[in-house]
Amino acid sequence: MNIFENYSDKIRKILFELSEINELILPEKLNGITTEIPPSKFNSDISTNVAMVLSKINKISPMDLAKTLSDKIKKSDKLIEEISIVNPGFINIKFKPIFWTKFIEEVNLNFNTFGINSNKKKKNYLVEFVSANPTGPLHVGHCRGAILGDVISNILLFNKHNVTKEYYVNDYGNQIINFTKSVYFRIREISFNEPFPVNNGDLYPGDYIIDIAHNIIKSKKNIDFKNFENISEQLTILSVEESLKLIKKNLYSIGIKHDNFISEKNLVLNDEVKKVINHLKKYNYVYKGKIKAPKGEDNKNWIEREQLLFKSTEFGDDKDRVLKKSDGSWTYFASDVAYHKNKLDRNFDCLINILGADHAGYIKRISSSVDALSNTKGKLICKVSQLVKLIKNKKPFKMSKRKGDYITLEDLINEVGKDATRFIMLNRSSDVELDFDFDNVIEKSKDNPLYYVQYCYARICSVFRLIDKDIKKEVKVTKYDFEYSNDEIKILKKISEWPKCIEMSSNRLEPHRIPTYLYELASLFHSYWNLGKENQKKRFINENKEISDDKLVLLKVISSLINSGMSIIGVSTPEKM
RNA sequence: GCGUCUGUAGCUCAACUGGAUAGAGCGCUUGGCUACGGACCAGGAGGUUCUGGGUUCAAAUCCUAGCAGACGCACCA
């Protein structure tokens, strides 16, 4: 039930009819004709720009064309109360109250499909997100991208697409060697009382390494930890396993569960990297050459060498990219190309990568490789989440990896909680930096939009408790023969915008529209609730603890919508607060 | 020097992707509680949408030239 789509279709139909009897000229493609929500001051329900779009080709003024079209529209529809034409040529439609009764009837009877964009083709999506190095637990910096990826997946799932959520495990390369060494030195510290080399900048200083060391010692008593070379391979596997345990626990605590964890190391061991590079060689995208130093930087230490390069410049990148290190091992980029080939071979229609702002410079090269491999453009969509500015005690809080001075995700959840973290992180567009003020987020008050929305749901629950009805059960109304008041129609109009909200969130991969929408809905509800304070008649329940059908079904739909929206963003709706 | 993102009310941000007189929260200010849960509501003040030019019926939005901020720019992943 998408009233904007319905009326868009109706208007198109009228246009085609007029065009057939030569009363209207249509362009080859009907682009740019929209049905929209008019600004509230116009006292109308839906508006269209059709007259302005078609005026030029028909050589009529928009206002005159609007007049002709609005007459036709009004004639074709009994549910329209009034149509007005407003400069410079908008057509504004106002519905009779009965329209909204029919609307809520349909929504209530088919709530499980309400909001779903059913006209879209069902697709297979792969969403890769988090993919943090398996060298320790997640910290606050990973949090926004993690939630963003999760909710984008949820929106696609809500629209009945197939979605695979994937985590790429970078268990290959120098960072992992340093990490394993750090675990090794901690083991020697514990078992042989040797001091941990504090001044070695390559090693990871964090205390969690000690825990990992303890766990490994406990579980593998038969390993001889005296010689690193002998056990490094085994120790790497064990350390990464321990690390992933921590990461999965962190993810679970913010309500995220990936379908797959793909190992970079396995891609290398299965020769997938070698294969993909041979594949690219065939198409002449790989060559040996040198890269010039960038301008404007301190380039004294720059060494130009002959390297194996990928021609990403052919696909819009600013320089070609290195595939093989001088020690003969693959670069991160090379195995990532293999990983993306692996994704493509699994026949997804669309690949989505969620990246942090600090990796935005990586987008061109990886999408170049996907373009080259898939022989099309735009199969990979990269979504960047901007940085989160942490504010504690009204001051920016800087994290420093070297000192081990950073806030882990576990700290964050313990202090703030899953719901508040998710809601606040999602409440802003991912394109803008986010202020995350600890004191503010914890506050259970008016400053916090999360509680504002949850409170709306809890209030409706309290009404259902008083009339002894189960909020989760369907509400059945025998006759939809009532009319809603203007206060109620305001809410119904907002409800009718829900499919539009989902559509935009889904098309542009912009989850922040959902918390914004829920906030607006909650706001209208709170106003509505307060009407009952001044006027007893406007209360939901009368003295005999009875509720009328119109109010019952309205409350039911609002609560279901809040519940449904909150479940998309992964936030709970408590019945009591 | 180059690339990506951002610039909207005192502050934090929306704005249906080109729509109408640019909207919310906080803060400021005036009012409403022995309550269907005040974690709420009603009203007021507050704007040259960073600047200049362009595109058209229409620009915060698109193009262009600048200014300012954030992030990134080798074999670290």
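Chain naming here is simple, since letters A, B, ... match the order of the sequence lines and numbering starts at 1 in each.
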Can we call the ring centroids of A:F438 and A:F436 under 6.0 Å apart? yes

Just checking A:F42: base, sugar-phosphate only, or nothing, at a heavy-atom cut-off of under 4.0 Å? base

Who pairs with B:rC33 - Watson-Crick or G-U, where each distance is under 3.5 Å: none

Does any donor-acceptor pair link the side chain of A:N49 with the base of B:rA20 at a separation under 3.5 Å? no

At under 4.0 Å between heavy atoms, what does A:Q454 touch on the DNA or RNA strands: base, sugar-phosphate, or nothing? nothing

Mate of B:rA22 where both pairing distances stay under 3.5 Å, Watson-Crick or G-U: none

Return the nearest nucleotide to the side chain of A:M577; candidates are B:rA39, B:rC40, B:rC76. B:rA39

Taking only the side-chain nitrogens and oxygens of A:Y451, find out if one of them lies under 4.0 Å from OP1 or OP2 of B:rA39. no

Take atom P in B:rA39 and the same atom in B:rU30, then report the distance between them in whole Å. 22 Å

Quote, to the nearest angstrom, the C1' distance that separates B:rU55 from B:rC76. 45 Å

For residues A:A357 and A:Q386, report the shortest heavy-atom separation together with the two atoms involved. CB-OE1, 3.6 Å

With a 3.5 Å cut-off and no angle check, do the side chains of A:Q175 and A:Y332 form a donor-acceptor pair? no

For a quick check, with a 4.0 angstrom heavy-atom cut-off, what is the B/S/- contact string for nucleotides 8-18 of chain B, read 5' to 3'? ----BSSSBB-

According to the interplanar angle, ranging from 0 to 90°, do the rings of A:W498 and A:Y517 count as parallel (below 30°), tilted (30 to 60°) or perpendicular (above 60°)? tilted

Most 5' of A:I291 and A:R465 on RNA chain B, judged by nearest nucleotide: A:R465

Check the phosphate of B:rC57 against A:K56, side-chain N and O only, distance under 4.0 Å to OP1 or OP2. Yes or no? yes

When you measure from the side chain of A:W529, which nucleotide among B:rC36, B:rC71, B:rU6 comes out closest? B:rC36

Take atom C1' in B:rG19 and the same atom in B:rG7, then report the distance between them in whole Å. 23 Å

Report which part of the nucleic acid A:A458 touches: base, sugar-phosphate, or nothing (heavy-atom distance under 4.0 Å, all strands). base

Nearest to the A:S527 side chain among B:rC41, B:rC73, B:rC36, which nucleotide is it? B:rC41

OH of A:Y362 versus C1' of B:rA77: gap in Å, rounded? 9 Å

Nearest-Å distance, CD (A:E264) to P (B:rA77)? 8 Å

Working to the nearest 0.5 angstrom, can you tell me the gap between A:K59 NZ and A:D64 CG? 16.0 Å

Please report whether the ring centroid of A:F540 lies less than 6.0 Å from that of A:F464. no

Near RNA chain B, counting only heavy atoms under 4.0 Å, which residues of residues 543-552 of chain A show up? none

Whole-angstrom distance between B:rC5 and B:rG23, as gauged at atom C1': 24 Å

Students often get this wrong, so: under 4.0 angstrom with heavy atoms, is A:G173 touching a base, only sugar-phosphate, or nothing? sugar-phosphate

Could a donor-acceptor pair under 3.5 angstrom be found where the side chain of A:N174 meets the base of B:rC76? no

What nucleotide, of B:rC36, B:rC41, B:rC5, holds the atom closest to the side chain of A:N530? B:rC41

Tell me the interatomic distance from A:D317, atom CG, to B:rU4, atom C1', rounded to whole angstroms. 12 Å

In whole Å, I'd like the distance from the NZ atom of A:K533 to the P atom of B:rG31. 19 Å

Distance under 6.0 Å and angle within 45° of the ring axis: does A:K325 meet both against A:W330? no

Test side-chain contact (heavy atoms from CB on, under 4.5 Å) on A:E488 and A:K551 and set out the steps. CA-CA 9 Å; A:E488 290 157 335; A:K551 295 202 161 58; 3.7 Å; yes

Would you kindly give the NZ-to-P distance between A:K364 and B:rG3, to the nearest whole Å? 7 Å

So does A:S47 reach the base of B:rA20 with its side chain, donor to acceptor, closer than 3.5 Å? yes

Starting at atom CZ of A:R539, determine the distance to atom P of B:rG37, rounded to an integer number of angstrom. 9 Å

If only side-chain N and O atoms of A:K41 are considered, is one of them under 4.0 Å from the OP1 or OP2 phosphate oxygen of B:rG23? yes

Nucleotide B:rG25, atom P - distance to NE2 of A:H526 in whole Å: 12 Å

How would you label the contact of A:K324 with the nucleic acid (heavy atoms, under 4.0 Å): base, sugar-phosphate, or nothing? nothing

At less than 4.0 Å, is any side-chain N or O atom of A:S55 found next to OP1 or OP2 of B:rC57? Yes or no. no

Strictly below 4.0 Å: does A:Y452 bring a side-chain N or O up to OP1 or OP2 of B:rC41? yes

Please tell me which of A:V463 and A:V86 maps to the more 5' nucleotide of RNA chain B, matching each residue to the nucleotide holding its nearest heavy atom. A:V86

What does B:rC71 pair with, Watson-Crick or G-U, if both distances are under 3.5 Å? B:rG3

